[in-house]
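Worksheet: one structure, shown below.
As the structure is a prediction and not an experimental result, all values here were calculated from the model. The analysis underlying the following values was restricted to heavy atoms, covering all of them including side chains, and did not include hydrogens, waters or symmetry mates.
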Amino acid sequence: MRKQSKWMLRIMAIATTGALLITTPSALANTLDNLKQEQKQLEQKKNSIDSTIKHTEGKIDQNVSKIDQIMAQIKELDTKIINTESQISEVLNQIKLTTTEIEKLQASIKELERKIEERDQLLKERIRAVQVSGGSVSYLDVLLGANSFIDFIDRFSAVNTLMDADRTILEEQANDKKQLEEQQASLNKKLQQQEDSKNELLSLKTSLDGQKASKGNLVDQLEVEQAKLHEEKEVLETEYDEILNLSQETQNKIVSEQKRLAEVARKAAEEKKRKEAAERQRQQAASGGGGGGGSSIAIPNVSAGAWTKPASGRYTSGYGSRTHPISGGIKTHYGIDIANSTGTPVLSAADGVISYASPLSTYGNVIMVTHSIDGQTFTSLYAHLSSIKVGVGQVVSKGQIIGAIGTTGNSTGPHLHFEIHIGNWEGMAKNSVNPLRYISL
């Protein structure tokens, strides 16, 4: 905007100077002299305002530097948040694994206790049988009571079988009791591990809440600084308006003289258009097309929390007031921009349902996903897409590819415009929030 305004001033000066250098009838000399004098006064005013503009630009540079510092802190916190969410995920997996092991141990212990109880009942039956018979059973009496050699052999075989059975029962009982003790000790250890993991999880969640709160404070500071930047730019635009808004009387005179010098005015206008077009092309090339980015088409890592970054690429524009890349005016930007090459995958930022998938006004191709997170409804919006890979009503998961970066709609280059709204989407301005409160870059 500043460059275009300055360029217009140069063109105006060239056109006016050209007009003044044209040989004109003597009857016009006084008029031209007066215009030159008024133009000189305007030039002096321009120089004075230029000094004010430079001072204002210095303030803007300070604000931009402070915003850059805050963004660096936000990105550092994002890294910590991603690591903490990953640790929480690992602890939750460990708790799940330990829970499974505890359930298996409890089932095994229950089975061992059942076997031990059954053997205890069997041994008690043996004891009662001995008591009924009048004392202890003497295997020697059994053998000596044989009526014949064949009866002796039968009794000997039966005695050996009974003795082996008793020995086996006692050995199994001893082994099972030992195994029961070992498994109970292991169970107690696993229960303690589970308790430690839960305490660690609580600590990690507390840490995560603190990190997110710190990030929220930084985003608040960022938005305050962006508001300051907006105010400074408004002052700057006012200064430019002052220099461009010539007095109506002088303008009328200049227009009158330009009508008399039609050929000069026509050539100056053609030259102005050509140079303005060249300047716009130069500015677009210098800024990478206003929305262009790197050529990487990698899919970003999916974060462990509820939200994840919707696309890989370069963060080019934040939430809040900015100079619009097309109109040049100060506009509110209700989302963030991530620049990358056309076709770069766009991911759903959280689990949800596709609620819109079609072109929409200056957004170009748009996808909206409705989410329900911890009982709160959110809507995320993805604009300027080159392709849409989902349909309305489709359930999508966090990190699932739903479209591709493009430059459809009101866009100066391939990038993703990403918005988050609390509740349903009811227009870009309603219920919009800074996406940096939820996603990590």
Side-chain angles (χ1 to χ4, degrees), residues 1 63-64 67 70-71 74 78 215-216 218-234 237 287 290-291 293 307-311 313-340 346-350 352 354-371 373 376-385 388 402-403 405-441:
M1 178 66 181
N63 276 349
V64 170
I67 287 173
I70 294 174
M71 281 302 303
I74 287 175
D78 281 341
K215 179 181 176 181
L218 285 174
V219 172
D220 289 338
Q221 293 179 32
L222 178 64
E223 292 176 351
V224 168
E225 292 304 321
Q226 287 173 330
K228 289 180 181 178
L229 185 62
H230 171 59
E231 292 172 2
E232 296 296 342
K233 285 188 176 181
E234 284 184 335
E237 291 297 328
S287 63
W307 297 88
T308 193
K309 183 179 178 181
R314 182 166 54 91
Y315 175 85
T316 57
S317 186
Y319 180 94
S321 298
R322 65 168 184 171
T323 301
H324 195 276
I326 296 178
S327 68
I330 300 295
K331 301 291 183 181
T332 299
H333 192 224
Y334 292 101
I336 64 172
D337 290 346
I338 299 174
N340 212 325
V346 172
L347 316 181
S348 177
I354 304 298
S355 51
Y356 189 91
S358 189
L360 179 63
S361 186
T362 57
Y363 278 125
N365 291 331
V366 168
I367 294 174
M368 297 185 199
V369 184
T370 299
H371 316 277
I373 300 174
Q376 175 67 60
T377 298
F378 295 85
T379 301
S380 58
L381 180 146
Y382 315 75
H384 306 311
L385 304 176
I388 295 174
I402 58 176
I405 283 178
T407 185
T408 57
N410 196 359
S411 169
T412 59
H415 70 285
L416 170 67
H417 173 79
F418 176 69
E419 297 178 6
I420 294 180
H421 297 255
I422 296 177
N424 296 320
W425 189 87
E426 298 178 16
M428 67 173 67
K430 189 169 184 179
N431 299 330
S432 70
V433 292
N434 194 330
L436 292 182
R437 293 185 181 278
Y438 298 93
I439 69 164
S440 298
L441 295 176

key: T362 side chain vs G409 backbone, donor-acceptor pair below 3.5 Å   =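 Flag not set: sc T362 to bb G409 has no pair under 3.5 Å.
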query = Hey, is the main chain of N365 close enough, under 3.5 Å, to the side chain of T408 for a donor-acceptor pair?
reply =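 Judged by distance alone, yes, a pair lies under 3.5 Å.
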Which heavy atom of [X] sits nearest to which heavy atom of [Y], and what is that distance?
{"X": "G335", "Y": "H333", "result": "O-ND1, 3.0 Å"}
{"X": "A350", "Y": "S348", "result": "O-OG, 2.6 Å"}
{"X": "D78", "Y": "K215", "result": "OD1-NZ, 2.7 Å"}
{"X": "L385", "Y": "V366", "result": "CD1-C, 4.5 Å"}
{"X": "H371", "Y": "S380", "result": "NE2-OG, 2.7 Å"}
{"X": "H421", "Y": "K430", "result": "ND1-O, 2.8 Å"}

message = Holding to side chain to side chain contact (heavy atoms under 4.5 Å, CB included), I want the full list of residues that pass it with M428, two or more places apart in sequence or in another chain.
response =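 Once residues adjacent in sequence are excluded, the partners of M428 under the side chain to side chain contact (heavy atoms under 4.5 Å, CB included) criterion are Y334, Y363, E419.
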query = By side chain to side chain contact (heavy atoms under 4.5 Å, CB included), which residues pair with T377, not counting sequence neighbours?
reply =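 Side chain to side chain contact (heavy atoms under 4.5 Å, CB included) list for T377, sorted by chain: T370, N424.
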Ring geometry between Y438 and W307 (parallel below 30°, tilted from 30 to 60°, perpendicular above 60°) =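 Geometry flag for Y438 against W307: tilted rings.
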inquiry  = For S317, run the side-chain contact (heavy atoms from CB on, under 4.5 Å) check against D337, I338, I336 and tell me which one passes.
reply    =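 Only match with S317 under side-chain contact (heavy atoms from CB on, under 4.5 Å): D337.
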query = Are the side chains of R437 and I420 in touch, meaning some heavy atoms are under 4.5 Å apart?
reply =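 With C-beta onward as the side chain, the pair stays apart.
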